[in-house]
There are 2 protein chains.
Amino acid sequence: MDANRRTPTSSVELFRWIGWAQMKAGEDWIRERELSHAQSFVLGYLVQNPGAIQRDIAEVSRTSAASVSSLLQGLERRGLIERRTESGNERSKRVFATPAGAELISGFETAMIDAGETILAPLDPAERATLYALLTKITQELPQPTRS
Amino acid sequence: MDANRRTPTSSVELFRWIGWAQMKAGEDWIRERELSHAQSFVLGYLVQNPGAIQRDIAEVSRTSAASVSSLLQGLERRGLIERRTESGNERSKRVFATPAGAELISGFETAMIDAGETILAPLDPAERATLYALLTKITQELPQPTRS
DNA sequence: CTCTAACCATTAGAGATCTAACTGTCAATC
DNA sequence: GATTGACAGTTAGATCTCTAATGGTTAGAG
């Protein structure tokens, strides 16, 4: 994993480096709130998709239904989410972030954008435009992310 | 965490997207070998730094000595590493990857480079050079990574 | 209606990881 | 030599996450 190199010489390594800086910012933020990476992702997803069922959460999380079940138990114990069944369909449960849950996760995206601004700071507007164009070209060939 | 957006509009999001693709490739590789992310990192570090002591491993892993202790117990149980004390210093233990451990982790860097090549495929040489220059400019302002 | 198969979710059990508290070792000072 | 404090590592206990097996629910076919 290149644990030693201190002068990367390829774009691939630079991507890893930048990704590391971003992830580190995110992990610190998450850890302060005593969430795991997966928990923070699911909580954010639920704010954007209230009432999602666990099967869908498992899909976008790229994990199993069993893991989602355990994960949600942890969040439910802390009062950050709620699970309700609708009459007429007893086998699927709709999951909602509670106000406390929404409150806890709010600010994460902002923190991420701030971290991104810091990362891009060395570039002037023209350079940013060039970078954006190149990144767009790359990502058009990439599979869709289902999880950030 | 932008779990829904499918058309990113900022370089920050594109970085996250690309990072996701890279990480996913790495995670699949690691999972096949029944290693955790942290375990693979430490194993790779030990191949590059034979005889490192646990305190140093904790430092580069950005974690605690206790976590390293637990992590190494798992690797030792599987015969992937060895711990030895040197006479004259009983309190620090030197850690080595066994041949089996080195064998297991070999190929990870190669797999990562292959994944990187796939990612950069849409760009011609001139574009790659431009991208590399921009990324270099960014990373010169970033803190040193201690972990990939 | 009943049977079956698909579907959604949970539990049991294991390993990984973390924090807090602990044991043992070394070195400096008196 | 005894004391003190810093250092290296481990253990205990908790949570998170995974795989495999299990429990209910629904829809469709006969």
Side-chain angles (χ1 to χ4, degrees), chain A residues 23-24 27-43 45-46 49 51-96 104 147, chain B residues 23-24 27-43 45-46 51-96 101 104 147:
Chain A
M23 185 167 7
K24 181 176 171 313
E27 277 179 358
D28 290 348
W29 191 97
I30 288 167
R31 196 172 296 280
E32 284 168 18
R33 281 140 186 96
E34 301 199 315
L35 292 171
S36 72
H37 185 71
Q39 286 175 323
S40 71
F41 171 78
V42 170
L43 201 46
Y45 179 80
L46 287 174
N49 303 269
I53 67 170
Q54 297 190 193
R55 189 81 182 77
D56 294 337
I57 296 171
E59 182 119 5
V60 299
S61 301
R62 295 178 53 74
T63 184
S64 65
S67 295
V68 170
S69 184
S70 305
L71 188 157
L72 292 180
Q73 280 175 14
L75 292 177
E76 195 167 37
R77 208 182 313 136
R78 292 170 61 185
L80 301 175
I81 63 149
E82 278 181 349
R83 285 186 273 191
R84 309 182 207 137
T85 53
E86 292 179 324
S87 55
N89 188 353
E90 287 300 319
R91 74 179 160 185
S92 60
K93 294 189 175 175
R94 296 195 160 275
V95 189
F96 300 86
L104 186 66
R147 171 172 187 175
Chain B
M23 187 169 1
K24 181 175 173 314
E27 278 179 359
D28 290 348
W29 191 96
I30 288 167
R31 195 172 298 279
E32 284 168 18
R33 281 141 186 95
E34 300 199 313
L35 292 172
S36 71
H37 185 71
Q39 287 174 324
S40 71
F41 172 77
V42 169
L43 200 47
Y45 179 78
L46 287 175
I53 67 170
Q54 297 189 193
R55 189 85 181 81
D56 293 338
I57 296 171
E59 182 119 8
V60 299
S61 301
R62 295 178 51 75
T63 185
S64 64
S67 295
V68 171
S69 184
S70 305
L71 187 156
L72 292 181
Q73 279 175 16
L75 293 178
E76 195 167 38
R77 208 181 313 134
R78 292 169 62 184
L80 301 175
I81 61 148
E82 277 181 350
R83 286 187 274 191
R84 309 180 208 139
T85 52
E86 291 179 324
S87 57
N89 188 352
E90 286 302 318
R91 74 179 160 183
S92 61
K93 294 187 176 175
R94 296 195 159 277
V95 188
F96 299 86
L104 187 66
R147 171 173 187 174

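In the text below, chain A, chain B and the rest are named by the order of the sequence lines, each starting its count at 1. Worth knowing before you read on, the calculation uses all heavy atoms, side chains too, and leaves out hydrogens, waters and symmetry mates.
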Starting the side chain at C-beta, find the nucleotide from [options] nearest to [X].
X	options	value
A/Ser70	D/dT25, C/dT11, D/dG9	C/dT11
B/Arg91	D/dC7, C/dA9, C/dT10	D/dC7
A/Ala66	D/dT10, C/dA16, C/dT11	C/dT11
A/Gln39	D/dC16, C/dT25, D/dC18	D/dC16

Regarding [X], tell me which of base, sugar-phosphate or nothing describes its non-hydrogen contacts under 4.0 Å with the strands shown.
X	result
B/Ser36	sugar-phosphate
A/Arg94	nothing
B/Arg83	sugar-phosphate
B/Ser92	sugar-phosphate

Measure [atom1]/[X] against [atom2]/[N] and give the value in whole Å, please.
X	N	atom1	atom2	value
A/Arg31	C/dT19	CZ	C1'	11 Å
B/His37	C/dT17	NE2	C1'	14 Å
B/Lys93	C/dG24	NZ	P	13 Å
A/Glu59	C/dA9	CD	P	12 Å
B/Gln54	C/dT23	CD	P	19 Å
B/Arg33	C/dA16	CZ	P	17 Å
B/Glu76	C/dG15	CD	C1'	16 Å
A/Arg84	C/dC8	CZ	C1'	19 Å

Relative to B/Trp29, does B/Arg31 satisfy both conditions: NZ or CZ under 6.0 angstrom from the six-membered ring centre, and within 45 degrees of the ring's axis?
->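 Verdict for B/Trp29: no cation-pi partner in B/Arg31.
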Pi-cation contact, A/Phe96 with A/Arg83 (under 6.0 Å, within 45°) | no
Is A/Ser69 near enough to C/dT10 that one of its side-chain N or O atoms lies under 4.0 angstrom from OP1 or OP2?
-> yes
Do B/Ser67 and B/Ser64 have side-chain N/O donor and acceptor atoms under 3.5 Å apart?
-> yes
Evaluate whether atom CD of B/Glu34 has more than 12 neighbouring non-hydrogen atoms of other residues, nucleotides or ligands under 6.0 angstrom away.
->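 No, CD of B/Glu34 has 12 or fewer neighbouring heavy atoms, counting only those of other groups under 6.0 Å.
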Would you say the side-chain atoms of B/Ser69 pair up with the backbone N or O of B/Ala65, donor to acceptor, closer than 3.5 Å?
-> no
5' precedence on DNA chain D between A/Arg77 and B/Arg55 (nearest-nucleotide basis) | B/Arg55
